[in-house]
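Take a look at the structure below.
Computed over heavy atoms, backbone and side chain alike; hydrogens, waters and symmetry mates excluded. Order of listing sets the numbers, starting from 1, for every ligand and every atom in it. These numbers were taken from a predicted model, which means no experiment stands behind them. We count residues from 1, following the sequence as given.
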Amino acid sequence: MKNLITLDEFILRRQKDFPFATGELSGLLRDIGLASKIISREVNKAGLADITGVAGNENASGEEQQKLDVMADNLLISCLKNSGECCGIASEENDTYVTISESKNAKYVVIFDPLDGSSNIDVNVSIGTIFAIYRRQSAAGECQLEDFLQSGTNQVASGYVLYGSSTMLVYTTGKGVNGFTLDPSIGEFCLSHPDIKLPEKADIYSVNHSQYRDFEPGVQKFIDECIDNGFKFRYIGSMVADVHRTLLKGGIFMYPGTTKSTNGKLRLLYECNPLSLLMEQAGGKSTNGSQRILELEATELHQRTAIFIGSSCLVEKVDAYIKDSSKVAGL
Ligand code: AHG
Ligand code: MN
Ligand code: MN
């Protein structure tokens, strides 16, 4: 049998990369691993038990919550509360951040999208959990808004869990990207994709095509060129799954601004920052069309941003087309 390295073992081994590590970050990563195993179990039952469908509420962005969105959110919050290593949590599903009073002096805050791609739950298509860990900025005591409104470059770790044909956890602490596949028979995430790097090949583009007419001319030109060059088009509709494919197969995922919604749809803190750190760590790029996503200023928890993420050559090209077309428009 191949030498199996479990997620917990891997996290412990990596702790020595950080000379002053006290084990809190490792503890947080293990808690997220545990919560995601439970979420995975529940997601796999979707269709059997009464857990699919709408929950009857709206989230902070006015979107209809699915029952599994609420379940995943509650599970993550309770696992992170148990650990005592995190002083606050911000979730896409909640209006504002949650203070964990039991561990109000802890060093870290965690930001997550508990279930990304929730419109795919009821149709058995891949969905995921996305997370980011930051060191708090405020002095000890209850966490503050400023602890969450940090730029993406401050992320200490980020990652996602993909509930797909298998369940995978992929994360980075800023020293490369590693992927683990859940072996359901032993209930452990095992290292399956060490040191993920984007492949050289970049011939897949991914975007919601139905919005083409509402994209700016530079984005339209880029898409036209992808088609002219015989690129493959893939769009799952769960960002986490589209970005996972991009990490493993190369290409570009885009959620541009439109005439109606200039900052697109995706959220800077819950989706774009964590996935951008992973993409950069795997050798790719991520921008909003002109600026690096990780350097954008966060001004509110549920802030949205346009995003172009994937193989550097493609991201650079679309950025250049956007720049050219805004020059022509005199912007
Ligand atoms: P969420 O389910 O967390 O609200 O996110 C859904 C997002 C993202 O995962 C996906 O890329 C995008 O919505 C799809 O949007 P369109 O339906 O507009 O293509
Ligand atoms: Mn999402
Ligand atoms: Mn979500």
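Classified by interplanar angle (parallel below 30°, tilted 30° to 60°, perpendicular above 60°), the ring pair Phe233/Tyr235 is parallel.
Inclusion of Asn208 in the set of residues having an N or O under 3.5 Å from an N or O of ligand 1 is warranted. Remark: ligand 1 and Val240 share no N or O pair separated by less than 3.5 Å (distance only, no angle test). At a 3.5 angstrom cut-off on N or O pairs, Ser118 counts as close to ligand 1. On a distance-only criterion, Met239 and ligand 1 share at least one N/O pair closer than 3.5 Å.
Among the atoms of Glu92, an N, O or S atom falls under 2.8 Å of the Mn ion (ligand 3). Among the backbone and side-chain atoms of Asp113, an N/O/S atom is found under 2.8 Å from the Mn ion (ligand 3). Note on Leu115: counted as a metal contact of the Mn ion (ligand 3), an N/O/S atom lying under 2.8 Å.
Residues Ala106 and Gly84 share a closest heavy-atom pair of CB-O, 3.8 Å.
Of all atoms in ligand 1, numbered sequentially from 1 with element shown, those under 4.0 Å from a heavy atom of Leu115 are 2 (O), 3 (O). For ligand 1, the atoms lying closer than 4.0 Å to a non-hydrogen atom of Asp113 are 3 (O). Atom numbering of ligand 1 starts at 1 in the shown order; those under 4.0 Å from a heavy atom of Gly117 are 1 (P), 2 (O), 3 (O), 5 (O), 6 (C), 9 (O).
At least one heavy atom of Leu266 sits closer than 4.0 Å to an atom of ligand 1.
The nearest protein atom to atom 19 (O) of ligand 1, hydrogens excluded, is given as Tyr235 OH, 2.5 Å; this is a heavy-atom distance. The protein non-hydrogen atom at the shortest distance from atom 5 (O) of ligand 1 is Asp116 OD1, 3.2 Å.
Both Phe112 and Leu68 are members of a single hydrophobic cluster when ILVMFWY side chains are connected at heavy-atom separations under 4.5 Å.
Here the two rings, on Phe180 and His193, have centers that are 6.0 Å apart or farther. You'll find the ring centres of Phe131 and Tyr160 outside the 6.0 Å limit.
One option in Glu93, Gln211, Arg267 has a heavy atom closer to atom 4 (O) of ligand 1 than any other, and that option is Arg267.
Heavy-atom neighbours of Asn124 CG from other residues, nucleotides or ligands within 6.0 Å: at or below the threshold of 12. Heavy-atom contacts from other residues, nucleotides or ligands closer than 6.0 Å to NZ of Lys197 number more than 12. Enclosure of atom CD in Glu200 is not indicated, since only 12 or fewer non-hydrogen atoms of other residues, nucleotides or ligands lie within 6.0 angstrom.
By the criterion of a heavy-atom distance under 4.0 Å, the side chain of Tyr255, and not its backbone, is placed next to ligand 1.
The shortest distance between side-chain heavy atoms of Leu29 and Thr173 falls below 4.5 Å.
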